[in-house]
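Order of the sequence lines sets the chain letters (A, B, ...), proteins ahead of strands, with each chain counted from 1.
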2 protein chains.
Amino acid sequence: MRNRGFAETSLRTITGAAGVNLAAVNYHFGSKKALIQAVFVRFLDPLVAEVERRLTDMQQSKDHLSVEDLLQLLTQSVYDIHGKGSNRATAFMRLLGLAYTQSQAHLRRFIGERYGEAFQHYVAHLKPALPGATAADLFWHTHFALGTAIFTMSNFDALRAMSENDTGSRTPVDFIVSRLTAFMAAGLHNAAHE
Amino acid sequence: MRNRGFAETSLRTITGAAGVNLAAVNYHFGSKKALIQAVFVRFLDPLVAEVERRLTDMQQSKDHLSVEDLLQLLTQSVYDIHGKGSNRATAFMRLLGLAYTQSQAHLRRFIGERYGEAFQHYVAHLKPALPGATAADLFWHTHFALGTAIFTMSNFDALRAMSENDTGSRTPVDFIVSRLTAFMAAGLHNAAHE
DNA sequence: GTAAGTTTCAAACACTTGTTTGTGTCCGGT
DNA sequence: ACCGGACACAAACAAGTGTTTGAAACTTAC
């Protein structure tokens, strides 16, 4: 239905599709930037809460968390919070991609301020799972993995269309997610040991 | 100097920085889309020619090309064609990122039509280096690797600023490139064997 | 030197963007 | 019943976009 992003979609398109008046956005949120930030909050706040909850749960049942454990923890949290079948996750990931690629410095700053701590907390759990990595390795490899996920999700429809055009059959979401997590895990594991 | 992309930069900004008249773009190129496509052609045409040349050279000296060989072939080609020290490569990668994330369907179509064959040719060399991968694996893993590179390059300045903010020192370009290629190689290698 | 063709340039055009404005409508409290 | 705050709505606003225009300035050829 909506094959464009969000930040690049006009308020008239958004409000038109939602069936509300154009001025309602500025009345309730103040600005378009604030609206987008509210969308992020609505998605990320319950997600980081779920991740934190699972993180402490898993820490008590297992004494050592593997990279695969931590990655699956993320995907499972997204599934549980925002539903597996819906396209909310991919739509949001596309939006997250825009936050990085488009010149939306306000969003990157906002995300960093509000969720930087949670991100660092997650990375702290990732550190003992990658014993050979230095601090610089850890930073870059996690951002490589993050970039892989963001790029894939933000171009999800286009990539799937290309794949279908090549092979003739539509790739199931589960397959893509499993390939993606395997790719990220392999990159995180082996990049430092060469 | 220019911290925004290209497609999201107005013609008035571009022509103003270049010191030329606004109407010159439409006179010489016809439209802004054609201008952007011309930029891509100016960058990619010599690059794919260099890659093709190195591909046949390497094929004759070695009987089996490894993933690492093929990745280094790419980076070396970029360095040789467009210079190592300059920021042309990162500027272009940012532009390439926009071609995917922004709703610039015309650019994706243009790139696919003009360079799809060269891409397939490169992937064909990658296939024997990854014996365990199916066709679907190959498609998705190569696009994962492509996405990692595009995301990293298109957010190069922001990531480096974050890293400098964390560690206190600026990461050398060579280090990032070596970490990036190692990450991509590990992902390509090991993602299929689990 | 003049004519024809090409390129430059400022101005205007048509359009879209996010935001604001002023009026109207609803609804709960006294 | 009526007042007052909260909301909805159409219209206008200011600023920005890519593109077109028409007249100058230059270049080339005869």
- Query: When only distance counts, do a donor and an acceptor, one from the side chain of Arg12(B) and one from the base of dG16(D), lie under 3.5 Å apart?
  - Reply: no

- Task: Kindly write out the residues that satisfy salt bridge (charged side-chain N to carboxylate O under 4.0 Å, His left out) with Glu117(A), not counting sequence neighbours, or none if the list is empty.
- Result: none

- Query: Residues two or more places apart in sequence or in another chain: which of them pass salt bridge (charged side-chain N to carboxylate O under 4.0 Å, His left out) with Arg53(A)?
  - Reply: Glu50(A), Asp57(A)

Between [N] ([atom2]) and [X] ([atom1]): distance, integer Å:
X	N	atom1	atom2	value
Phe29(A)	dT20(C)	CZ	P	16 Å
Leu22(B)	dT17(D)	CG	P	10 Å
Lys32(A)	dT16(C)	NZ	C1'	11 Å
Ile14(A)	dT19(C)	CD1	P	11 Å
Asn26(B)	dA11(C)	CG	P	18 Å

Please tabulate, one pair per line, each protein N/O and nucleotide N/O from nucleotides 7-10 of chain D that are separated by under 3.5 Å, including the distance.
unit_1 : atom_1 : unit_2   : atom_2 : d
dC7(D) : OP2    : Tyr27(A) : OH     : 3.3
dA8(D) : OP2    : His28(A) : NE2    : 3.0

- side-chain hydrogen bond (donor to acceptor under 3.5 Å, both in side chains) partners of residues 15-31 of chain A, not counting sequence neighbours, each pair once: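 The answer is none; no pair qualifies.
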
- Message: Enumerate the ring-ring contact (aromatic ring centres under 6.0 Å, His included) contacts for residues 112-135 of chain B, please, sequence neighbours excluded, ordered by first and then second residue.
- Response: Phe119(B)-His143(B), His121(B)-His125(B)

- Query: When Leu70(B) is tested against each of Val123(B), Leu188(B), Leu55(B) for side-chain contact (heavy atoms from CB on, under 4.5 Å), which residue passes?
  - Reply: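 When side-chain contact (heavy atoms from CB on, under 4.5 Å) is applied between Leu70(B) and each of Val123(B), Leu188(B), Leu55(B), only Leu55(B) qualifies.
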
- Item | Under 4.0 angstrom between Ser10(B) side-chain N/O and dG16(D) OP1 or OP2 | no

- Item | side-chain contact (heavy atoms from CB on, under 4.5 Å) involving Arg42(A) - partner list, sequence neighbours excluded |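 Expected list: Phe29(A).
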
